[in-house]
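One structure below.
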Amino acid sequence: MTTNAPTHSSAVSDGAPRRLAGTLGPGAIVFMVVAAAAPLTVIAGTLPLGIAAGNGAAYPASYIVCTVVLLFFAVGFTAMAKHLPGAGAFYTYITQGLGRHAGLGSAFLALVSYTAVQGAVYGYIGAAVNDFVTAHGGPELPWYVWALAVTAVVAILGYRHIDLSGKVLGVLLVCEVGIVLVIDAAVIVRGGGGDEGFSTAAFHPAEFFSGAPGIALIFAIAGYIGFEATAVFRDEARDPGRTIPRATYLALLVIGGFYALSSWAMVSAWGDEGAVAIATENPEGMITETATRYVGAIAGDLVQIFLITSLFAALLSFHNVLSRYIFSLGNSAALPAGCGRSHVKHASPYIASVVQTASALVLIVASAVAGLDPVTEVFAWFAGVSSVGIVALMTLTSVAVLVYFGRTRVDRRVWNTVIAPLLGLVGLAGLLIMTVANLPLLVGGSSTLAAVIGILLVGTFAGGAAVAVLRPHAARRDTALPQHDTNDTIIDKEIAR
């Protein structure tokens with residue numbers, strides 16, 4: 001098979017290369033996915049908010065709950081992956097299970113949701129770079145100047161072969177995770193900072209359900225956005241039938257374990273009451289003060305540096321995910337066919353990458369022209385859009401998994417196709433309800449803005465369904481693939497065709 005052969009999901013025959021290629025193993029894909037989760041950003045930004053507005057010192061247990069729910073989801077997700085070649089991720093699953101209209105609706109919802117979270121991170125990184133530069137005697141520039149500079153670097157890396165992005169993300173991820181683990185170790189060695197020693201609040205159900213556990217779970221689930229992107233890299237994975245399931249489970253366990261351990265260590269560093277106090281009074285400085293207190297001043301400086309690299313890693317990872325969504329939609333005729341072309345040399349979705357860069361530029365420029373604050377408005381509002389959209393997509397995917405296996409019977413394992421997916425659906429539906437109910441809180445307390453976001457997301461889904469009506473040929477090639485062949489056999493048949 002050559003990289004210039006038409007992809008198995010191609011809906012056109014213009015002779016352009018339409019296959020992605022790569023040799024990513026589970027480790028490289030996990031680096032991509034965990035980088036998208038931006039672990040240091042979560043510990044520095046989301047953790048204090050979850051403690052202050054959620055259930056206080058018991059907040060670390062929220063990560064355990066979310067990890068369990070998503071592991072149930074992953075069982076059906078990976079079982080269905082064996083029967084669905086291609087890099088469409090959520091929309092491919094929903095199309096197979098619930099039909100083209102729901103599938104294309106979810107595809108456009110995914111594009112908006114991932115674009116929104118990328119826009120949120122651009123706002124945050126612009127502010128973070130500016131704060132770091134000015135704190136060290138550099139010039140003070142508008143946040144969007146730094147954001148545009150980062151966009152250029154992301155665009156270059158996203159245009160090239162996926163293996164390069166994997167290597168870059170691997171290095172950055174080791175740095176950001178490493179500094180947090182050093183802080184965790186220092187707290188553990190010193191036995192915590194409160195009078196009671198290590199915190200035990202997370203181990204008591206009564207503590208977990210005190211305060212606002214629903215809000216705590218919303219902040220916690222936001223830290224997992226992007227974990228399902230393991231399936232997006234299917235065409236660039238080595239032995240995808242084994243690599244994708246392994247990468248999915250490994251990513252979830254790494255993300256959930258890291259968050260649970262680090263959040264518990266952060267609470268233990270200050271004691272139950274002290275952690276709530278500092279999370280409420282100085283949320284943005286909690287991680288830096290903890291690092292300085294337990295490791296030293298240099299650790300505080302490193303946290304600031306690695307926070308920026310963490311945000312950059314998340315941007316690069318989301319760029320790669322979005323590019324592959326656009327590539328897949330171009331090859332299914334839902335978007336212009338040019339979006340489905342791959343680069344002859346880099347075997348990358350280069351046109352889709354350029355489209356994704358353009359959409360990021362539009363968000364940055366529009367936010368700058370509107371005079372939005374990069375953190376309290378750009379980051380908060382766009383993150384709110386993404387949180388609702390992604391949880392809704394996971395809930396729809398859970399339904400699609402149940403319907404697909406119930407209809408096709410291609411896999412008769414009850415745990416993998418019924419019990420685990422059903423448990424995942426119940427958990428995700430609960431999270432979705434809580435997210436929607438608390439959306440005003442996520443966007444600064446504005447019910448009007450929350451309503452606008454809701455209309456935007458519903459309208460985007462409806463727009464995708466309308467594309468299915470207006471373009472009857474869109475996405476049909478993916479759904480017509482035989483389901484009983486192995487993935488390699490399916491691809492070979494499509495190439496021969």
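We use all heavy atoms of the structure for the numbers below, so side chains are in, but hydrogens, waters and symmetry mates are not.
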Worksheet item: What residues, two or more places apart in sequence or in another chain, satisfy side chain to side chain donor-acceptor pair (under 3.5 Å) together with Thr78?
Response: Tyr249

Fill in: side chain to side chain donor-acceptor pair (under 3.5 Å) partners of Thr417, counting only residues at least two apart
none

Practice prompt. Could I get the full list of ring-ring contact (aromatic ring centres under 6.0 Å, His included) partners for Phe379, not counting sequence neighbours?
Written response: Tyr124

Discussion item. Can you pull out every salt bridge (charged side-chain N to carboxylate O under 4.0 Å, His left out) where at least one residue sits in residues 413-432? Sequence neighbours excluded, please.
Written reply: Asp411-Arg413

Worksheet item: Do Thr41 and Val121 have side chains that get closer than 4.5 Å, going by heavy atoms?
Response: no

For residues 103-111, run the donor-acceptor check on the side chains, cut-off 3.5 Å, and write out each pair with its distance to 0.1 Å, sequence neighbours left out.
from   : atom 1 : to     : atom 2 : distance (Å)
Ser106 : OG     : Ala102 : O      : 3.3
Ser106 : OG     : Gly103 : O      : 2.6

Run the side-chain donor-acceptor check on residues 47-70: report pairs under 3.5 Å with partners two or more places apart or on a different chain.
from  : atom 1 : to     : atom 2 : distance (Å)
Asn55 : OD1    : Tyr59  : N      : 3.4
Asn55 : ND2    : Phe208 : O      : 3.0
Tyr59 : OH     : Tyr63  : OH     : 3.0
Tyr59 : OH     : Ala220 : N      : 3.4
Ser62 : OG     : Tyr59  : O      : 3.1
Thr67 : OG1    : Tyr63  : O      : 2.7
Thr67 : OG1    : Tyr224 : OH     : 2.7

Worksheet item: Taking side chain as C-beta onward, heavy atoms only, is Phe318 less than 4.5 Å from Val117?
Response: yes

Worksheet item: With sequence neighbours left out, what residues match Val399 under side chain to side chain contact (heavy atoms under 4.5 Å, CB included)?
Response: Leu98, Val403, Leu425

Worksheet item: When rounded to the nearest 0.5 angstrom, what is the spacing between CG in Leu402 and CE in Met80?
Response: 10.0 Å

Fill in: Listed partners of Ile433 passing side chain to side chain contact (heavy atoms under 4.5 Å, CB included), at least two apart
none

Fill in: Sequence-distant partners of Leu449, side chain to side chain contact (heavy atoms under 4.5 Å, CB included), two or more places apart
Trp381, Val443, Ser446, Ile453

Discussion item. Which heavy atom of Ala201 sits nearest to which heavy atom of Glu207, and what is that distance?
Written reply: O-CB, 3.3 Å

Practice prompt. Flag the pair Val177 / Phe258 as yes when at least one side-chain heavy-atom distance between them is below 4.5 Å, and no otherwise.
Written response: yes

Donor-acceptor contacts under 3.5 Å from residues 383-397 side chains, at least two apart:
from   : atom 1 : to     : atom 2 : distance (Å)
Ser386 : OG     : Ser113 : O      : 3.2
Ser387 : OG     : Ala383 : O      : 2.9
Thr395 : OG1    : Val391 : O      : 2.8
Thr397 : OG1    : Leu393 : O      : 2.8

Worksheet item: With sequence neighbours excluded, what pairs up with Ser353 under the side chain to side chain donor-acceptor pair (under 3.5 Å) test?
Response: His319

Discussion item. Just to verify, what does Thr309 make a side chain to side chain donor-acceptor pair (under 3.5 Å) with, not counting sequence neighbours?
Written reply: none

Practice prompt. Answer yes or no: is there a side-chain heavy-atom contact under 4.5 Å between Tyr259 and Pro39?
Written response: yes

